[in-house]
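Before any comments, here is the structure.
Values below: every heavy atom of this structure, side chains too, minus hydrogens, waters and symmetry copies.
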Amino acid sequence: MAPEVVRPPTSRAGRPAARAERQHAAVHDLLAQGMGLRAVARRLELSRNTVRRYARAGTWEELATGRWKNLPSILDPYKPYLHQRWREGHTVAVRLHAELRERGFTGSYPVVRNYLQRFRRSPDDPAPPRPPGIRKVTGWITRNPQNLREEDQRKLKEILARWPELNAATGLLRSFADGLMKDFDAIALGLSTEWNSGCVEGRVTDIKLLKRQMAGRARHPLLRRRVLLVAADRRQHRVTEMMRP
């Protein structure tokens, strides 16, 4: 489902805002003509730092945010969404800025970062606990549910409810683990003894490879001869390896 696109309101706030809007447009017009920052600064009689700030801002509202009283911020339509995501434990400004861009936000990353700073500094509105990391969630999924604390079980249940793909992968993993438990004795025996089916599997691989190489090129007698020659070669290499000190 595509994210809801929010349309920011157009706003004006007196002469300072009008000047910022006018200068921002002039800077971007001259830059589009191929002029450098120094040349633009001379043309508009502005400092290079001021021209640089205008050049970096996608819209003039980014420069006006918080500077003039009663001036609506370009971030205003998106603040309820930011508050919701913050309460859910999502506090990474880069990720939140990307989510806002998907919803039509045209402002830069510093606008979002600076707004979120007040949440990080405010003692009255402390940040929620950080969401569990990938390793912790993986440990919850691969561990026996009976060995998990109730709090961890609750968190894992909330995560799986929020991410259907992860919930499906968890179900497949548990089905695979259940299958291993049914053959636990055979698996333990295969891992704890020196006997295994490696030689047989190797021969099967050789035969399949030879069949693919000779498909449509030779008949059964030649295929049989090659299989026997490869088997003899493998045996010779095995004997040589065993005789080495």
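H97 contributes a side-chain N or O that, together with a main-chain N or O of G107, makes up a donor-acceptor pair within less than 3.5 Å. Of the possible donor and acceptor atoms, one in the side chain of T205 sits under 3.5 Å from a partner among the backbone N and O of E201. Judged by distance alone, the side chain of Q23 and the main-chain N or O of Y54 form no donor-acceptor pair under 3.5 Å. No donor-acceptor pair closer than 3.5 Å links the side chain of Y115 to the backbone N or O of L82.
Clustering ILVMFWY residues whenever any of their side-chain heavy atoms sit less than 4.5 angstrom apart, transitively, puts I207 in the very cluster that holds L222. M214 and L229 fall into different hydrophobic clusters, where Ile, Leu, Val, Met, Phe, Trp and Tyr side chains are chained together by heavy-atom contacts under 4.5 Å.
Side-chain heavy-atom separations under 4.5 angstrom define the hydrophobic clusters, and L228 shares its cluster with no other residue.
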Before giving the answer on side-chain contact (heavy atoms from CB on, under 4.5 Å), spell out for L75 and K79 the whole-Å C-alpha distance, their side-chain angles and the decisive distance to 0.1 Å. CA-CA 6 Å; L75 193 60; K79 288 179 180 179; 4.3 Å; yes
Which is it for V112 and Y78 under the side-chain contact (heavy atoms from CB on, under 4.5 Å) test, yes or no, and what are the steps along the way? CA-CA 10 Å; V112 178; Y78 308 92; over 6 Å; no
Walk me through it: do L96 and E99 pass the test side-chain contact (heavy atoms from CB on, under 4.5 Å)? CA-CA 5 Å; L96 292 175; E99 293 180 8; 4.0 Å; yes
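Here the straight-line distance linking atom CZ of R226 with atom CZ of R224 works out to 15.0 Å at 0.5 Å rounding. Atom CZ of R53 and atom NE2 of H24 lie 11.0 Å apart (nearest 0.5 Å). Interatomic distance, D206 CG to K211 NZ, rounded to the nearest 0.5 Å: 13.0 Å. Within the model, atoms OG of S108 and CD1 of I74 stand 8.5 Å from one another, a figure rounded to the nearest 0.5 Å. Atom-to-atom distance recorded for L148:CG and W140:CH2 is 8.5 Å, nearest 0.5 angstrom.
For the pair L209/V230, no side-chain contact is recorded, criterion being any heavy-atom separation below 4.5 Å from C-beta on. Proximity of K136 to D152: side-chain heavy atoms (C-beta onward) are nowhere separated by under 4.5 Å. Side-chain atoms of L31 and L37, non-hydrogen and from C-beta on, do get closer than 4.5 Å to each other. Side-chain contact between L210 and Q213 is present, with heavy atoms from C-beta onward closer than 4.5 Å.
Contact between R113 and A93 at its shortest, heavy atoms only, is CA-CB, 4.2 Å. Here the closest heavy-atom approach between residue D76 and residue P80 is recorded as O-CD, 3.7 Å. Shown here for S192 and A188, the closest heavy-atom pair between the two residues is OG-O, 2.7 Å.
Other residues, nucleotides and ligands contribute only 12 or fewer heavy atoms inside 6.0 Å of the CD1 atom of I134. For CD of E150, the number of neighbouring non-hydrogen atoms (other residues, nucleotides, ligands) closer than 6.0 Å is 12 at most. More than 12 heavy atoms of other residues, nucleotides or ligands lie within 6.0 Å of CZ in R203, so this atom counts as buried by the packing criterion.
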Please report, to 0.1 Å, the donor-acceptor pairs under 3.5 Å made by any side chain of residues 155-178, with sequence neighbours excluded.
unit_1	atom_1	unit_2	atom_2	d
E158	OE2	R154	NH1	2.7
T170	OG1	L166	O	2.7
S175	OG	G171	O	3.0

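Applying the salt bridge (charged side-chain N to carboxylate O under 4.0 Å, His left out) rule to pairs touching residues 25-48 yields nothing, sequence neighbours excluded.
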